[in-house]
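Worksheet for the structure shown next.
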Amino acid sequence: MKWMLIIALILSSTTQYPMQVIAQTQKPAPQKNTNRPKFIPPKLPPGAGTVSGRRTGMGSRDNCPAVTTELTALVPSVKAPTSKEANTSVSEIVGGLTTSSRPTFWFYMPYTNNLSGASAQFTLQDSAGNEVYKNTIALPSQPGVIDITLPSNVASLEIDKTYRWFLKVRCTQQQAASVPIYVEGDIQRVNLTPNIVQQLETATPQQKVTIYVTNGIWFDSINILAQLRSSNEADWQSLLQSVGLGNIATAPFTK
């Protein structure tokens, strides 16, 4: 009996030890960061789809050189359903919402200031086609992301009104006979609900981005992440990737 008890103890210890070693050496699988900002587009308003936009310009036109990445507006692009009743076939609605009275617009500019005779122009119009703002934009020293902010001498955007913006690039001084490379889209200023305003009052910049992206406020989201990009590159890239702009997510800011 004594020998049988000893053998049983030996067998028990040898079967438990490997399990203890496995348990101690197993490491938890690395967790992916699921909190990166991903834009959630708002619902299209009634009648959306009657006016189209253009998020990317053509690759080569008007004597402009061929580029690897085209002129691109850093905004969402939503495929709109066609309307048989209105006999429309619009495929792309470009633009977004803002809470700012004088928002900042972001673009990827592939053309540089070493192109002789090249120029760029930004225009903002109201819904009736009246010009609100128009200005020549200096081409950067290298391809990259540029920003255009409405100056203080421009009238504030009115709430719940839609505006149309254009960025046009010409690579020749003969503008009368040239066809520019361009992008265009819409922007609408909106009011936030009291509940969202209250959340923003105590939120950190990263928390504000989360609030904006989940409520479909594009321009405020990208502006905050542009300010934080030097210390938080991953969130900037995540936002652009979430709206199909992964090809520009690593492009540098340029002047």
Checklist entry - So, Ser238 side chain and Ala234 main chain: donor-acceptor pair closer than 3.5 Å or not? => result no

Next on the checklist: Taking Pro143's backbone N and O only, do any of them form a donor-acceptor pair with Thr254's side chain (distance below 3.5 Å, no angle check)?
Outcome noted: no

Next on the checklist: Once side chain to side chain donor-acceptor pair (under 3.5 Å) is applied, do any residues pair with Asn223, and if so which ones, sequence neighbours excluded?
Outcome noted: Trp106

Checklist entry - Linking I/L/V/M/F/W/Y whenever their side-chain heavy atoms sit closer than 4.5 Å, directly or via other members, would Val132 and Ile159 fall into one cluster? => result no

Item to check | Stepwise side chain to side chain contact (heavy atoms under 4.5 Å, CB included) check, Thr56 with Leu71 | outcome: CA-CA 6 Å; Thr56 58; Leu71 173 68; over 6 Å; no

Checklist entry - Strictly under 6.0 Å, is that where the ring centroids of Tyr212 and Phe39 end up? => result no

Checklist entry - Just by modelled atom types, is the Glu184 backbone N or O under 3.5 Å from a matching donor or acceptor in the Arg54 side chain? => result no

Checklist entry - Tell me, which pairs form a salt bridge (Lys or Arg N to Asp or Glu O under 4.0 Å) where one or both residues lie in residues 194-210, sequence neighbours left out? => result none

Checklist entry - Take atom CD in Gln207; do more than 12 heavy atoms of anything else shown fall under 6.0 Å from it? => result yes

Next on the checklist: Could you check whether any side-chain heavy atom of Phe107 comes within less than 4.5 Å of a side-chain heavy atom of Thr72, counting everything from C-beta outward?
Outcome noted: no

Checklist entry - Are the side chain of Trp218 and the backbone N or O of Thr98 linked by a donor-acceptor pair below 3.5 Å? => result no

Next on the checklist: Ignoring hydrogens and geometry beyond distance, is a side-chain donor-acceptor pair present between Thr162 and Gln188 at under 3.5 Å?
Outcome noted: yes

Checklist entry - Does Thr99 reach the side chain of Asn191, with side-chain heavy atoms less than 4.5 Å apart? => result no

Next on the checklist: Centre-to-centre under 6.0 Å for Phe166 and Phe122, is that the case here?
Outcome noted: no

Checklist entry - Taking a hydrophobic cluster as the set of Ile, Leu, Val, Met, Phe, Trp and Tyr residues connected by side-chain heavy atoms closer than 4.5 Å, whether directly or through intermediates, do Ile40 and Leu239 fall within one such cluster? => result no

Checklist entry - Arg229: what forms a salt bridge (Lys or Arg N to Asp or Glu O under 4.0 Å) with it, not counting sequence neighbours? => result Glu233

